[in-house]
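What follows is a set of notes on a single structure, which appears directly below.
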Amino acid sequence: MRCFVAISLPANEILVKAITENKPMGRSVEGKNLHLTLKFLGEIHSVEKIRKSLEGIGSKRFSIILKGMGAFPNAQHGRVLFVKAYPESPLKELADEVDSRTREIPLDHPFSPHLTILRVKDKRDFSEVISKNENTVFLEQEVTSFTLYESVLKPTGPIYNEIQTYQLM
Ligand code: ATP
Ligand code: MG
């Protein structure tokens, strides 16, 4: 099973507007699929073991703010357009906790708190949209849980199936 651990986030009016405006440039993320990845696990065989090992995480709830945009690998030659998430510390602490409980699966990228809204096939210059949204606040949200997802890749876009949701304290 292809799996990842993420914080599910709601699509509000301003996020939907940003997604819709940038849609013509590539493959946009569906509102119901908006998430902040804590760790991409990839293909795993022992889902049950992973599911159980995440149960002991006793991290506290925290608030985040989604503000401004960025692109991977960079603004001028972007493949992924994302909204930035702050503050980094509680997100990083939770991501580290998830990582330490799933040690057998190595991290292939250092954690970077972001919410992907668009993916493009060929690289694109996102400088304009990024500078236009420098001060845009997209969402303020209390994070009360995180989820272990299965990801089924389809030509029409990924389907994320919830395996288990873990409440924060
Ligand atoms: P698609 O691959 O069809 O564009 P997707 O990227 O949303 O869809 P997955 O590839 O299953 O679906 O990825 C699930 C989540 O994990 C996404 O947030 C994705 O950005 C992230 N992710 C995928 N591959 C990696 C990776 N190698 N390292 C870190 N994060 C990854
Ligand atoms: Mg992917």
Side-chain angles (χ1 to χ4, degrees), residues 1-11 15 26-30 32-121 123-124 126 130 138-139 141-154 157-169:
M1 243 190 228
R2 183 187 179 89
C3 295
F4 67 102
V5 181
I7 295 166
S8 175
L9 290 167
L15 277 168
R27 228 160 25 89
S28 59
V29 172
E30 282 183 64
K32 65 170 165 50
N33 280 350
L34 283 175
H35 67 275
L36 199 154
T37 302
L38 294 169
K39 185 173 183 179
F40 179 71
L41 302 170
E43 200 61 40
I44 54 174
H45 306 286
S46 52
V47 178
E48 190 51 25
K49 185 168 166 250
I50 297 287
R51 193 187 66 75
K52 283 228 168 70
S53 62
L54 294 174
E55 260 168 0
I57 295 182
S59 304
K60 289 212 172 70
R61 296 172 170 211
F62 54 92
S63 292
I64 56 166
I65 175 163
L66 300 183
K67 181 176 178 255
M69 286 183 178
F72 293 134
N74 62 63
Q76 282 81 31
H77 310 275
R79 272 190 196 287
V80 168
L81 178 67
F82 61 83
V83 166
K84 296 189 279 184
Y86 300 96
E88 181 161 1
S89 57
L91 289 164
K92 170 96 168 75
E93 275 168 33
L94 184 56
D96 284 349
E97 192 61 39
V98 168
D99 183 37
S100 77
R101 282 165 189 270
T102 55
R103 267 280 147 69
E104 59 271 40
I105 302 156
L107 263 185
D108 56 358
H109 290 296
F111 175 69
S112 141
H114 70 279
L115 182 77
T116 296
I117 60 169
L118 186 85
R119 293 185 174 88
V120 296
K121 256 221 169 93
K123 297 194 170 169
R124 236 193 132 101
F126 288 117
I130 291 169
F138 293 93
L139 182 72
Q141 180 77 24
E142 189 185 14
V143 177
T144 60
S145 67
F146 66 94
T147 303
L148 172 62
Y149 286 102
E150 172 194 14
S151 168
V152 182
L153 300 181
K154 303 262 187 195
I159 296 171
Y160 301 147
N161 297 315
E162 194 178 313
I163 298 170
Q164 185 161 333
T165 288
Y166 306 86
Q167 297 301 320
L168 298 178
M169 299 212 292

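For the atom pair Arg51 CZ and Ser46 OG, the distance stands at 12.0 Å (nearest 0.5 Å). To the nearest 0.5 Å, the span separating CE on Met169 from CZ on Arg61 amounts to 11.0 Å. With rounding to the nearest 0.5 angstrom, the CZ atom of Arg79 is 12.0 Å from the CZ atom of Arg119. We find the CG-OG1 distance between Leu54 and Thr165 to be 11.0 Å, quoted to the nearest 0.5 Å. One distance of note links CD1 of Ile105 with CD1 of Ile50; it measures 3.5 Å at 0.5 Å rounding. Taken to the nearest 0.5 Å, the CD atom of Gln141 stands 9.0 Å off from the OG atom of Ser8.
Side-chain atoms of Leu36 and Phe146, non-hydrogen and from C-beta on, never get closer than 4.5 Å to each other. Between Met69 and Ile117, the closest side-chain pair of non-hydrogen atoms falls below 4.5 Å. Asp96 places none of its side-chain heavy atoms less than 4.5 Å from the side chain of Phe111. Taking the side chain as every heavy atom from C-beta outward, Tyr149 and Ser151 never approach each other to under 4.5 Å. No side-chain heavy atom of Leu115 sits less than 4.5 Å from a side-chain heavy atom of Phe138. Looking at heavy atoms from C-beta onward, Phe62 lies in side-chain contact with Leu94 at the 4.5 angstrom threshold. Between Lys123 and Pro73, the closest side-chain pair of non-hydrogen atoms falls below 4.5 Å.
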Starting from the C-alpha separation in whole Å, work towards a yes-or-no answer on side-chain contact (heavy atoms from CB on, under 4.5 Å) for Ile159 and Glu150. CA-CA 8 Å; Ile159 296 171; Glu150 172 194 14; over 6 Å; no
side-chain contact (heavy atoms from CB on, under 4.5 Å) between Val120 and Leu81, worked out: CA-CA 8 Å; Val120 296; Leu81 178 67; over 6 Å; no
Evaluate Met1 against Ile163 for side-chain contact (heavy atoms from CB on, under 4.5 Å), listing each step before the verdict. CA-CA 11 Å; Met1 243 190 228; Ile163 298 170; 4.0 Å; yes
What's the verdict on side-chain contact (heavy atoms from CB on, under 4.5 Å) for Leu41 and Leu148, showing C-alpha distance, side-chain angles and the deciding distance? CA-CA 10 Å; Leu41 302 170; Leu148 172 62; 3.8 Å; yes
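Here the shortest heavy-atom pairing between Leu66 and Ala85 reads CD2-CB, 3.5 Å. Contact between Ala75 and Ile130 at its shortest, heavy atoms only, is CB-CD1, 3.7 Å. Between Val47 and Cys3 the shortest heavy-atom distance is CG2-SG, 4.4 Å. In this structure, Leu15 and Pro10 approach most closely via the heavy-atom pair CD1-O, 3.6 Å. Pro158 and Asn33 get closest at one heavy-atom pair: O-ND2, 3.4 Å.
Residue pairs meeting the side chain to side chain donor-acceptor pair (under 3.5 Å) criterion with at least one partner in residues 35-44, sequence neighbours excluded, are His35-Thr37, Lys39-Asp99, Lys39-Thr102.
A salt bridge is defined here as a Lys NZ or Arg NE, NH1 or NH2 lying under 4.0 Å from an Asp or Glu carboxylate O, and Glu55 with Lys52 fails to meet this definition.
Aromatic pair Phe40/Phe4: ring centres not closer than 6.0 Å.
Using cut-offs of 30° and 60° for the angle between ring planes, the Phe82 and Phe72 rings count as tilted.
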